[in-house]
S.K.: 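Sharing a structure, written as structure tokens. Questions coming.
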Amino acid sequence: MNALVDQGLLTVFFTLSAVVIGASSPHASEGEEAYQRCVVCHQPDGAGIPGIFPALKNRFADIMASVEGREYFTMVLIDGLIGTIEIEGQRYVGAMPAQYLTDAQISALIDYLATNFGASDAADSNLLLSEDEVAQIRSKFSSANAQSTLDLRTRVPALNGQ
Ligand code: HEC
């Protein structure tokens, strides 16, 4: 076989692999896509901007470690958050707009954050929420709003006293 044909076959092979790999993980790419909505504020690396946009990196796993934290995180995305919060001595007097994500998008986004911004134990499946779990939280707090999300925050063990 001549070299040109070899090269052609290789190209076909890699193109097909890329399609297969891409297709095998729609959940992961959905999560990455959903995170693009957050980057303008929380930054691509999740470090935020101190005093303006809270960091998600290295804080995500702590928040998600409790039932209350998983409820709070989900409701921040669904309803947004208005009010003054304090994180490591920094005050944030901000407002986060509701994100209008579907249950599937929220589940995928949490997966993405656990992989990219979690602590060393990010693989811990306790951090993750299935689409059904997101739906349950959404209906449990259906009368919540951006102000009452702040009340949910006070129930999160990892955020108490911060
Ligand atoms: C327009 C800017 C903006 C966008 C877009 C945004 N956020 Fe926020 N986010 C904020 C601000 C500001 C706060 C703090 C609000 C406050 O001070 O009450 C916040 C707070 C949070 C908190 C609470 C942190 C804590 O310690 O209590 C989480 C979690 C969060 N955002 C996640 C996200 C995720 C995930 C996305 C993308 C789906 C996102 N945000 C999109 C601005 C934004």
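Read the numbers this way: they start at 1 and go in the same order the structure lists the ligands and their atoms.
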S.K.: Does the T149 side chain pair with the main chain of N145, one donor and one acceptor, at a distance under 3.5 Å?
M.R.: yes
S.K.: Ignoring hydrogens and geometry, is there a side-chain-to-backbone donor-acceptor pair from D79 to M75 under 3.5 Å?
M.R.: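 Checked: no pair found.
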S.K.: When you look at CD of Q147, are more than 12 heavy atoms from neighbouring residues, nucleotides or ligands closer to it than 6.0 Å?
M.R.: yes
S.K.: Just by modelled atom types, is the S130 backbone N or O under 3.5 Å from a matching donor or acceptor in the E133 side chain?
M.R.: yes
S.K.: Testing Y72, F73, F117 one by one against F60 for a ring-ring contact (aromatic ring centres under 6.0 Å, His included), which residue passes?
M.R.: F73
S.K.: Check contact between Y72 and ligand 1, using heavy atoms of the residue and a distance below 4.0 angstrom.
M.R.: yes
S.K.: Would you kindly specify which portion of L150 sits under 4.0 Å from ligand 1, judged on non-hydrogen atoms: side chain, backbone, both or neither?
M.R.: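 Neither part.
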S.K.: With heavy atoms of C41 as the reference, note each atom of ligand 1 found under 4.0 Å away.
M.R.: 1 (C), 2 (C), 3 (C), 4 (C), 5 (C), 42 (C), 43 (C)
S.K.: Against heavy atoms of R153, which atoms of ligand 1 measure under 4.0 Å?
M.R.: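 Ligand 1 atoms under the 4.0 Å threshold to R153: 25 (C), 26 (O), 27 (O).
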S.K.: Just which atoms of ligand 1 are under 4.0 Å from any heavy atom in R37?
M.R.: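 Near R37, the atoms of ligand 1 are 5 (C).
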S.K.: Show the atoms of ligand 1 that are less than 4.0 angstrom away from any heavy atom in I52.
M.R.: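 It comes down to these atoms of ligand 1: 12 (C).
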S.K.: Can you name the atoms of ligand 1, numbered from 1 with element, that are less than 4.0 Å from a heavy atom of F73?
M.R.: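 Under 4.0 Å from F73, ligand 1 has these atoms: 29 (C).
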S.K.: Would you say S107's side chain and L129's backbone share a donor-acceptor pair under 3.5 angstrom?
M.R.: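 Looks like yes, one N/O pair under 3.5 Å.
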S.K.: Please work out, at 4.0 Å between heavy atoms, whether the side chain, the backbone, both, or neither of P97 comes within that distance of ligand 1.
M.R.: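 Only the side chain of P97 comes within reach of ligand 1.
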S.K.: Which is it for T84 and ligand 1 at heavy atoms under 4.0 Å: side chain, backbone, both or neither?
M.R.: neither
S.K.: Between H42 (side chain) and P54 (backbone), is there a donor-acceptor pair under 3.5 Å?
M.R.: yes
S.K.: Between H42 and atom 8 (Fe) of ligand 1, is there a contact where an N/O/S atom of the residue lies under 2.8 Å from the metal?
M.R.: yes
S.K.: With rounding to the nearest 0.5 angstrom, report the CG to CZ distance, L77 to R138.
M.R.: 9.5 Å
S.K.: Just distances here: any N/O of G83 and N/O of ligand 1 closer than 3.5 Å?
M.R.: yes
S.K.: Number the atoms of ligand 1 from 1 as they appear, then name those within less than 4.0 Å of a heavy atom of G94, with their elements.
M.R.: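 So the answer, numbered in order with elements, is 15 (C), 16 (C), 17 (O), 18 (O).
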S.K.: Please report the closest heavy-atom contact between Q105 and Y100, naming both atoms and the distance.
M.R.: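 Looking at all heavy atoms of both residues, the shortest contact is OE1-O, 4.4 Å.
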S.K.: Tell me the contacting part of Y35 for ligand 1: side chain, backbone, both, or neither, using a 4.0 Å heavy-atom threshold, strictly below.
M.R.: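 None of Y35 does.
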S.K.: Show me which atoms of ligand 1 lie under 4.0 Å from any heavy atom of Y92.
M.R.: 17 (O)
S.K.: Is C38 touching ligand 1 with its side chain, its backbone, both, or neither, if touching means heavy atoms under 4.0 Å apart?
M.R.: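 For C38, backbone and side-chain atoms both sit under 4.0 Å from ligand 1.
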S.K.: Out of all atoms in ligand 1, which are within 4.0 Å of some heavy atom of I87? Include the element for each.
M.R.: 26 (O)
